[in-house]
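In what follows, a structure is listed as structure tokens, so that the remarks can point back to it.
Side chains are part of it too, since the values below use all heavy atoms of this structure and drop only hydrogens, waters and symmetry mates. Below, read A as the first sequence line, B as the second, and so on, with proteins coming before strands; counting in each chain starts at 1.
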Amino acid sequence: MPELPEVEVIRQSLDKKIKRKKVKKVIVRNKNLRFKIPDGFSRFLENKKILRVGRFSKYLIFYLSNKSYCLLHLGMSGTIHLLNQNKKNFITNTSFYNSPILPKKHNHVEIIFEKIRIIYNDPRRFGFFQIIDNSKMLEKRFSNFGPEPFHLDFNLKYVLSFFKKKEKNIKNFLLDQNFVSGIGNIYANEILFLSKVKPDKKVNLLKKKDCVRIIINSRKVLKDAIKKGGSSIRDFKNTFGSKGDFQKNFKVYDRVGLLCKRSSCAGKIKKKIISNRSTFFCDTCQI
DNA sequence: AAGAGGCCCTGATAGC
DNA sequence: TGCTATCAGGGCCTCT
């Protein structure tokens with residue numbers, strides 16, 4: 001599910017719900033996520049206030065009242081579910097498990113506030129939590145990440161310097177978080193379609209104007225997706241914070257065999273595996 | 001040292 | 001109905 005736009009939409013709703021609220025209790029049901037949740041994780045969060053919920057790239061950042069941080073990456077299948085609850089017996093109460101909005105399985109972590117309970121669900125367990133002790137460590141954690149597309153650092157000069165003499169194709173670059181942060185497989189496909197660039201084009205062959213279009217469209221696609229509430233595909237429709245609508249705007253993703261949406265183009269959308277990821281493009285108007 | 005590929009995991013779906 | 005194979009939005013690790 002989650003590329004930058006989906007994570008941002010979740011962040012916005014989560015921030016509204018738990019900002020300035022104190023964590024009463026944390027329950028870890030299954031600590032075997034992508035990285036093992038360490039002993040003491042619950043103790044670390046309990047009795048601390050969430051000052052706000054931030055985000056960098058595809059990571060949610062919980063700003064804690066003792067100037068430490070908790071990161072959450074949703075992996076491929078991580079979702080957050082939010083349940084209101086009565087004050088009475090709010091920690092031990094388990095009636096919420098019957099809630100129709102809550103999946104039956106894979107509810108691995110619960111963070112319990114006085115009137116609200118957030119539940120981390122993740123069937124594939126590619127997501128993870130991470131405790132960060134201070135702002136220095138937070139800075140270090142993301143020091144190797146490229147800028148987000150919106151950032152002024154993601155500009156022509158930066159892109160050209162990265163592409164010089166590189167043999168890699170442009171799609172892999174867009175997915176490379178060291179180059180640019182927050183783009184995943186869906187939006188990489190969409191960005192390249194709008195930019196009229198073939199996904200397997202080697203970056204050292206790109207013209208300046210191609211790079212400019214890729215920069216502009218990276219911003220455009222992510223911004224539009226955030227505005228539409230992200231993309232909901234497969235069974236993620238009812239998930240908290242991601243009842244998105246952007247999938248209706250997909251020009252190439254999951255449209256193999258269908259007509260190209262560019263009005264002047266008669267091509268059909270092709271599918272090709274690049275570095276083990278499904279890649280969709282129009283080989284008529286993307287060159 | 002850049003770049004390709006394997007792998008972590010479960011669930012939905014397609015094909016027989 | 002029930003089996004098997006394939007695929008899924010991420011990113012780390014290893015190998016060449």
Gap between atoms CD1 and P, on A:I274 and C:dG9 respectively (whole Å): 13 Å

A:K171 NZ to C:dG11 P, straight-line distance once rounded to whole Å: 13 Å

Below 4.0 Å: OP1/OP2 of B:dC9 and any side-chain N or O of A:H106: no

Salt bridge (charged side-chain N to carboxylate O under 4.0 Å, His left out) partners for A:K201, two or more places apart: none

Plane angle bin for A:F179 and A:F163 - parallel if under 30°, tilted between 30 and 60°, otherwise perpendicular: tilted

Atom pair distance, as rounded to whole Å: NZ in A:K164 and P in B:dA2: 14 Å

Using atom types as modelled, flag every donor-acceptor pair under 3.5 Å from a side chain in residues 33-49 of chain A to any protein atom, sequence neighbours excluded.
| residue | atom | partner | partner atom | Å |
| --- | --- | --- | --- | --- |
| A:S42 | OG | A:V26 | O | 3.3 |
| A:E46 | OE2 | A:V26 | N | 2.9 |
| A:K48 | NZ | A:F44 | O | 2.6 |

Spacing of A:Y120 atom OH relative to B:dT10 atom P, expressed in whole Å: 14 Å

Partner residues of A:Y120 under the ring pair (Phe, Tyr, Trp, His ring centres under 6.0 Å) criterion, sequence neighbours left out: A:F129

Qualifying salt bridge (charged side-chain N to carboxylate O under 4.0 Å, His left out) pairs, either residue in residues 62-84 of chain A, two or more places apart: none

Residues in salt bridge (charged side-chain N to carboxylate O under 4.0 Å, His left out) contact with A:D176, at least two apart in sequence or another chain: A:K168

Set of salt bridge (charged side-chain N to carboxylate O under 4.0 Å, His left out) partners for A:K140, sequence neighbours left out: none

Nucleic acid contacts of residues 123-144 of chain A, taken as heavy-atom distances under 4.0 Å to DNA chain C: A:R124, A:F126

Sequence neighbours excluded - ring pair (Phe, Tyr, Trp, His ring centres under 6.0 Å) pairs with any residue from residues 266-287 of chain A: A:Y253-A:F280

For A:Y63, ring pair (Phe, Tyr, Trp, His ring centres under 6.0 Å) partners two or more places apart: A:Y69

Phosphate contact (B:dG11 OP1 or OP2) by A:K105 side-chain N/O below 4.0 Å: yes

Step-by-step side chain to side chain contact (heavy atoms under 4.5 Å, CB included) determination, A:R141 to A:Q130: CA-CA 10 Å; A:R141 179 65 177 74; A:Q130 189 180 7; 2.6 Å; yes

Whole-angstrom distance between C:dT14 and B:dC9, as gauged at atom P: 16 Å

Interatomic distance where CZ belongs to A:F163 and P belongs to B:dA2 [whole Å]: 15 Å

Whole-Å P distance, C:dC7 and B:dG5: 15 Å

Atom pair distance, as rounded to whole Å: NZ in A:K31 and P in B:dC8: 21 Å

5'-to-3' dot-bracket of DNA chain C (Watson-Crick, G-U; under 3.5 angstrom; crossing pairs as [ ]; | other strand): .|||||||.|||||||

Whole-Å distance separating the CG atom of A:L175 from the P atom of C:dG9: 10 Å

A:Y253 side chain near C:dG9 phosphate (N/O to OP1/OP2, under 4.0 Å): yes

Atom pair distance, as rounded to whole Å: CZ in A:F250 and P in C:dG9: 10 Å

Please list each protein N or O that sits under 3.5 Å from an N or O in nucleotides 3-7 of chain B, with the distance.
| residue | atom | partner | partner atom | Å |
| --- | --- | --- | --- | --- |
| B:dG3 | OP1 | A:E167 | N | 2.7 |
| B:dG3 | OP1 | A:K168 | N | 3.3 |

Check: A:V7 and A:Y59 side chains under 4.5 Å, non-hydrogen atoms: no

Of all pairs that satisfy side chain to side chain donor-acceptor pair (under 3.5 Å), the ones with a partner from residues 190-199 of chain A, not counting sequence neighbours: A:S195-A:N217

